[in-house]
Amino acid sequence: MPELPEVETIARGLQRQVAGDVIESVWIGAKPEPLKSSAREIARTLDGARIAQVRRVGKHMVFDLERKNGNAQWIVHLGMTGRMLVIDPGAEIAKHTHLIATLRSGRELRFVDPRRFGRLEVRRADEFQAPGQEPLDVGFEIFARLFRGRKTPIKSALLNQKLLAGIGNIYADESLFRAGIRPRRRAASLTRAELQRLYPAIQQVLNEAIASGGSSVSDYVNAEGTEGLFQIQHRAYGREGEPCLTCGSPIKRTVIAGRSSHWCPNCQK
DNA sequence: ACTATTTCCTGGATGC
DNA sequence: TGCATCCAGGAAATAG
């Protein structure tokens, strides 16, 4: 499931491969995502546009587009199973391909998403903003203030994109494990000392995951179709019943806010 | 203003 | 082997 490190990896790959390229034609399938902009509007905006830059904002990918009729942005959210691939036109069209952009270089940009939780949207240039703070950029004081007065479990707060943009279920569990904090703790109950552990834990786990090309748990691959490697370094997520790598206690799994949460009953307080 | 719950969607895993 | 059921989860919608 693409979270910040996976989206960052894909965006870097796309920046390397398609920045400077020009979209010459656009096909949108009959049953695409629930689009946030109309199919016609997306096709019209992409058609003829030069891809100036591809970058990540939260869990979103932003294509900055240069157009004769005014610059624009193509914003892609991959949801659970979305893939944005650069492929040769001859390649077979995978099931659940919802959009194909033909590039001047002769390649194709294909958006594939079986579960259709992804979202596509176009906007005028510079309109799109992250819904919350970037975890890798935010300063500690602003970070600490995000949780003040919040009764919701810290796990839910970390998943709330309006607070921090980019953290999903895997990296929330991994960050809380590293910080030694139980996922069900009320966000406001975290002491300053705990916040001072959580803040670098989030940044470390995200940076290590980016360095490993992300976590491939189910569907995630980068723009070249290659899987990430960080899943083998998970210490909590997906390890229910397995021994804690620190103390040996079996990792527990509980459901918080409808999401499975993995934690060590001994190391996390 | 918050918080919790439900809904969307398909493929893979599981159970009988 | 086949069929039904469950589960995964990001975020918007809905309910409290």
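Residue numbering restarts at 1 for every chain, and letters A, B, ... go by the order of the sequence lines. Just so we're clear, the structure is a prediction, and the values are computed from it rather than from any experiment.
Counting to the nearest Å, the P atom of dT3(B) and the CG atom of L146(A) are 13 Å from each other. In this structure, I154(A) places its CD1 atom 16 Å from P of dC2(B), rounding to the nearest Å.
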A correct 5'-to-3' footprint of nucleotides 9-16 of chain C, with B, S and - meaning base, sugar-phosphate only and no protein heavy atom under 4.0 Å, is BBB-----

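In this view, W263(A) satisfies the ring-ring contact (aromatic ring centres under 6.0 Å, His included) rule with no residue, not counting sequence neighbours. Every residue meeting the side chain to side chain donor-acceptor pair (under 3.5 Å) condition with E108(A), not counting sequence neighbours, appears here in chain and number order: R110(A).
With respect to the salt-bridge test (charged N to carboxylate O, under 4.0 angstrom), the residues R124(A) and E127(A) qualify.
Checking Y171(A) against S215(A) by side-chain atom types alone, a donor-acceptor pair falls below 3.5 Å. Between the side chains of D113(A) and T81(A), at least one donor N or O sits under 3.5 Å from an acceptor N or O.
Note on K151(A): every side-chain N or O is 4.0 Å or more away from OP1 and OP2 of dA4(B). For the OP1/OP2 pair of dA4(B) and a distance below 4.0 Å, the side-chain nitrogens and oxygens of T152(A) include at least one atom meeting the criterion. Here H96(A) does not reach the OP1 or OP2 of dC9(B): none of its side-chain N or O atoms lies under 4.0 Å away.
Ring geometry, H98(A) versus H96(A): the interplanar angle falls from 30° to 60°, so the pair is classed tilted.
Residue pairs meeting the salt bridge (charged side-chain N to carboxylate O under 4.0 Å, His left out) criterion with at least one partner in residues 243-258 of chain A, sequence neighbours excluded, are E240(A)-R253(A). Residues in residues 193-206 of chain A take part in these salt bridge (charged side-chain N to carboxylate O under 4.0 Å, His left out) pairs, two or more places apart or across chains: R185(A)-E194(A).
Nearest nucleotide to the R150(A) side chain, out of dA4(B), dC2(B), dG11(B): dC2(B).
Two residues, K95(A) and P153(A), neighbour DNA chain B, and the one matched to the more 5' nucleotide by heavy-atom proximity is P153(A).
The end-to-end axis angle of the helix from dC2(B)-dG16(C) to dC16(B)-dG2(C), rounded to 10 degrees and based on five pairs per end, is 50°.
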